[in-house]
Each structure stands twice: as C-alpha cells, then as structure tokens.
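Data first, discussion second: the structure below is written as structure tokens.
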Amino acid sequence: MSLGKNIQYLRKQQKVTQEQLAERMSVSRQTVSKWEADEVVPEMDKLIGLSDMFACKLDALVREDLSAYSEIYSEIQIRTVRPFHMAQYVMVTPNPEDNANDYMDRWAEQAGLFKIKPDAKRIGWDFPFVSMEQQNRFGLRGYVAAYILPEEFEPSCPGNVHFVKQEEADYAVITVYDPFAAAFDRIPNAYKRIMEYLEANGFKEKPQENVLGCFEYVYEKDGCTCMDVYIHVDSVSKAGVFTSFSFS
C-alpha cells in the first residue's frame, strides 16, 4: 500500500475529515488531498507529525500496508461492566504474567472454583508499583492475575489471594486478534488506540476507588487467540488534542 493510502486509511480509522487533518498539520485541505493521492510526499516534519497523531511508527507509515491492522484490531466500544467480586494475586518477577497466571490457575483448581464455574474468567493487568532499581538492576516487573468469582462463592482454601469488589463502571474496549504474534507491538498499540479514542494523555494519578483503571482478558474464539483490552473511561487524563474535531 502507498503512503497516501496509509494516510487516508488512518485518517478514516480515526474518523477525521481532510479539513480536520489539514488543521492539525497546519496545511490546506488540498495538500492533504494531494498526500492521499500520492501527488505530493509530506515533508519530514509533517511525516513525524502524522506518525505521532496516528500513534504509528514512521517506518510503518511509509513502508507498510497499514490496512492489515484492520484484521488485528476491532472497533472500540464503550461497555458498562456490571459489579463483580474477584480473587487476585500479585507477582513481581522477571516473568510475572506467566507466574501470576499459573498461581491463580492452581488456586482456582484447589479452591473449587472450576467445579462451580469451569469457564470462570481470568483477567490481568500490570502492577505499577515496582521501583526503577528493581526493573533496571534485577529485571523485575509486576503483574496481577485475578479470577472473577460467582456470587456467594466460598473457596475451599482461601490461600494467599486478595478478595476485591469491583464497582459498576464504563470501559472503552478493543479486541486484539492474535496478540502474542507481536506482543510488544500489538498490545501497547491497543492501549494507544483507546487513549486516542478517549482523547487522553495518561492515567490520573489517583485511581477511582474500587474500579480497575485497566485490565486485559485473553480467550480463544474460532481457533484464534483474542485479547480484550479494557480502559476505564473516567480513569484517564484528558489531553484536549482533538477538542476542535467533530466525530459525528
């Protein structure tokens, strides 16, 4: 795919008109039209601005067929997640995702959760309270794995898990297809897409009590591994980058 087609594809993905993109890039609408028709190549500073705006790598913008991303990511939706209880466990290790997930799988089996609900959902999210020394010197990272519990579930062995109640909340959700094929690209880009959708520039310093700021849910569907990424719409700081844009 050409550079112009990539620009057009990304613009339409974000529901931005040529006029709006022109305003953002400080050029005329006719210039944007010429970019998309491959009649004119954007100058380097404009290419950098486009890659920043669309949250994609400059090399990918220029060289790759970005329409293939439509096969990787779903449209973003706003979902209301009803209240639920969960059992969670934190691991700080060089490989915390696998370690935390394995621990919670063993706990769910021993606690009798799988007997009551064989398809119990396991979710997870990064544990942010790991010092820079732990990360840089020892290669440690943090991760929390949790199982959503049926109402009035009484575990046969409580173990070392922490029981938490999640309040009802609205989340922006995107599905990533085959996320682990390129995990360090596809998963972070899913978060970027949601943050752009929410017009946000980061998470609030003080999280809302009894509501997860974000979490991930991995499952199999039609023989494909999928990951749903959830970001709480009220847990982000607004950037105000696109306040003059109309998304109708």
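Numbering of residues begins at 1 and proceeds along the displayed sequence.
- Ion pairing between a basic and an acidic side chain is recognised when a charged N comes within 4.0 Å of a carboxylate O; Arg122 and Asp105 show such pairing.
- In this structure, a donor-acceptor pair under 3.5 Å is present between the side chains of Asp98 and Asn95.
- Ion pairing between a basic and an acidic side chain is recognised when a charged N comes within 4.0 Å of a carboxylate O; Asp119 and Lys121 show no such pairing.
- Of the candidates Tyr171, Phe215, Phe203, His232 forms a side-chain contact (heavy atoms from CB on, under 4.5 Å) with just one, namely Tyr171.
- A distance-only check finds no donor-acceptor pair linking the side chain of Gln208 to the backbone of Ser235 [under 3.5 Å].
- Between the CD1 atom in Ile116 and the CD atom in Glu152 there is a gap of 11.0 Å [rounded to 0.5 Å].
- Asp228 and Tyr219 are linked by a side-chain donor-acceptor pair at a separation below 3.5 angstrom, with hydrogens and angles left out of the test.
- Put simply, the side chain of Trp107 gets close to the backbone of Pro158: a donor and an acceptor are under 3.5 Å apart.
- Between the side chain of Lys204 and the backbone N or O of Gly213 there is no donor-acceptor pair closer than 3.5 Å.
- In this structure, the ring pair (Phe, Tyr, Trp, His ring centres under 6.0 Å) partners of Tyr147, at least two apart in sequence or on a different chain, are Phe114.
- Across Arg11, Glu196, Lys192, a single residue satisfies side-chain contact (heavy atoms from CB on, under 4.5 Å) together with Phe54, and that is Arg11.
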Next item on the list: Take Tyr143 and Phe127, measure what ring pair (Phe, Tyr, Trp, His ring centres under 6.0 Å) needs, and give me the verdict at the end.
Entry: CA-CA 5 Å; Tyr143 191 79; Phe127 180 71; over 10 Å; no

Checklist line | Intermediate values then yes/no, side-chain contact (heavy atoms from CB on, under 4.5 Å), His85 and Val164 | finding: CA-CA 6 Å; His85 286 83; Val164 179; over 6 Å; no

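- The pair Glu23-Arg29 does not meet the salt-bridge criterion, since no charged nitrogen lies less than 4.0 angstrom from a carboxylate oxygen.
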